[in-house]
Amino acid sequence: MKCMFCGNSESKVLDSRSAEEATVIRRRRECLACAKRFTTYETVETTPILVIKNNGTRQPFSADKIKFGVIKACEKRPVTISQIEELVAVVSRRVQNTMEQEVRSQIIGELVMEELKKLDDVAYVRFASVYRKFTDVTTFVNFIQEKLSSK
């Protein structure tokens, strides 16, 4: 690692700590030439993933979009923000672990629904109603009856 003060490429690591929920390593370094200290951050390099939307367009995968949708589904429910963030982290990991560069939005939606079902039944139904684009009450009732009979 090059020193930001003198440009020397020799430094020693004084301290290493995990940061940001153990996804980043923070290293405190000291330059062997000028003895000045600086901090570096090390992260895992991930392959960018594109989401294939229903209309065939592609856009970059965004955990923030998942989080926004889950927050809307969990509105006025006894679900904490840390539970939502954990759900988003689980879904993001599962998407990353597919090792695919392109993932269909339906797969992501199903993963979110699977995790929401474990977390809160009402939030699960709310998310499903938007995700599955229920057009009338009959479709909605059929979905709920199907879920109740599978329990």
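This chain uses plain numbering: 1 for the first residue, then up along the sequence. Every heavy atom of this structure was used, including side-chain atoms; hydrogens, water molecules and symmetry mates were not.
Proximity of Pro60 to Pro48: side-chain heavy atoms (C-beta onward) are nowhere separated by under 4.5 Å. Between Arg28 and Val13, the closest side-chain pair of non-hydrogen atoms is not below 4.5 Å. Contact of the Leu50 side chain with the Val103 side chain is not registered, since no non-hydrogen atoms from C-beta on lie closer than 4.5 Å. Between Tyr41 and Thr39, the closest side-chain pair of non-hydrogen atoms falls below 4.5 Å. For the pair Asp15 and Arg26, the minimum side-chain heavy-atom distance is below 4.5 Å. Within the 4.5 Å cutoff, the side chain of Cys74 has heavy atoms near those of the Leu116 side chain. Side-chain contact between Arg77 and Arg126: present, with at least one pair of heavy atoms (C-beta onward) separated by less than 4.5 Å. Inter-residue side-chain proximity for Cys3 and Ser11 is flagged as unmet; no heavy-atom pair is nearer than 4.5 Å.
Ring orientation note: the planes of Phe38 and Phe5 are nearly perpendicular, at an angle over 60° on the 30°/60° scale.
Between Arg94 and Glu114 there is a salt bridge, since at least one side-chain N of the basic residue sits less than 4.0 Å from a carboxylate O of the acidic one.
A side-chain N or O of Thr57 and one of Asn55 form a donor-acceptor pair less than 3.5 Å apart. One side chain, Lys65 or Gln59, offers a donor N or O that lies under 3.5 Å from an acceptor on the other. No donor-acceptor contact under 3.5 angstrom links the side chains of Asp120 and Gln83, judged on distance only.
A continuous path of hydrophobic side-chain contacts links Val125 to Leu111 [ILVMFWY only; heavy atoms under 4.5 Å]. The cluster map of Ile, Leu, Val, Met, Phe, Trp and Tyr, joined by side-chain heavy atoms under 4.5 Å apart, puts Val51 and Met99 in different clusters. Grouping the Ile, Leu, Val, Met, Phe, Trp and Tyr side chains by contacts below 4.5 angstrom, directly or via other members, places Met113 with Val88. There is no path of hydrophobic side-chain contacts, each under 4.5 Å, that joins Phe68 to Val130.
Rounding to the nearest 0.5 angstrom, the gap separating the CZ atom in Phe61 from the CD1 atom in Ile108 is 5.5 Å. In this structure, the separation between OG1 on Thr98 and CD1 on Ile107 is 7.5 Å, given to the nearest 0.5 Å. Rounding to the nearest 0.5 Å gives a distance of 13.0 Å between CD1 of Ile84 and CD1 of Ile66.
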Test salt bridge (Lys or Arg N to Asp or Glu O under 4.0 Å) on Lys67 and Glu85; report intermediate values, then the result. CA-CA 7 Å; Lys67 186 176 180 180; Glu85 287 173 349; 3.2 Å; yes

side-chain contact (heavy atoms from CB on, under 4.5 Å) between Asn54 and Ser105, intermediate numbers included: CA-CA 7 Å; Asn54 290 333; Ser105 61; 3.6 Å; yes

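Listed by chain and number, the residues in a side-chain hydrogen bond (donor to acceptor under 3.5 Å, both in side chains) with Lys118 are Glu115 (sequence neighbours excluded). For the side-chain hydrogen bond (donor to acceptor under 3.5 Å, both in side chains) test, no residue two or more places apart in sequence or in another chain qualifies with Thr138.
Applying the salt bridge (Lys or Arg N to Asp or Glu O under 4.0 Å) rule to pairs touching residues 100-110 yields Arg58-Glu102, Glu110-Arg132, sequence neighbours excluded.
Summarising the geometry of Gly69 relative to Phe127, their closest heavy-atom pair is O-CD1, 4.2 Å, with the distance given to 0.1 Å.
Looking only at distances, a side-chain donor or acceptor of Tyr131 sits under 3.5 Å from a matching main-chain atom of Gln106.
Looking at Arg27, Arg29, Lys2 one by one, the single match for side chain to side chain donor-acceptor pair (under 3.5 Å) with Thr40 turns out to be Arg29.
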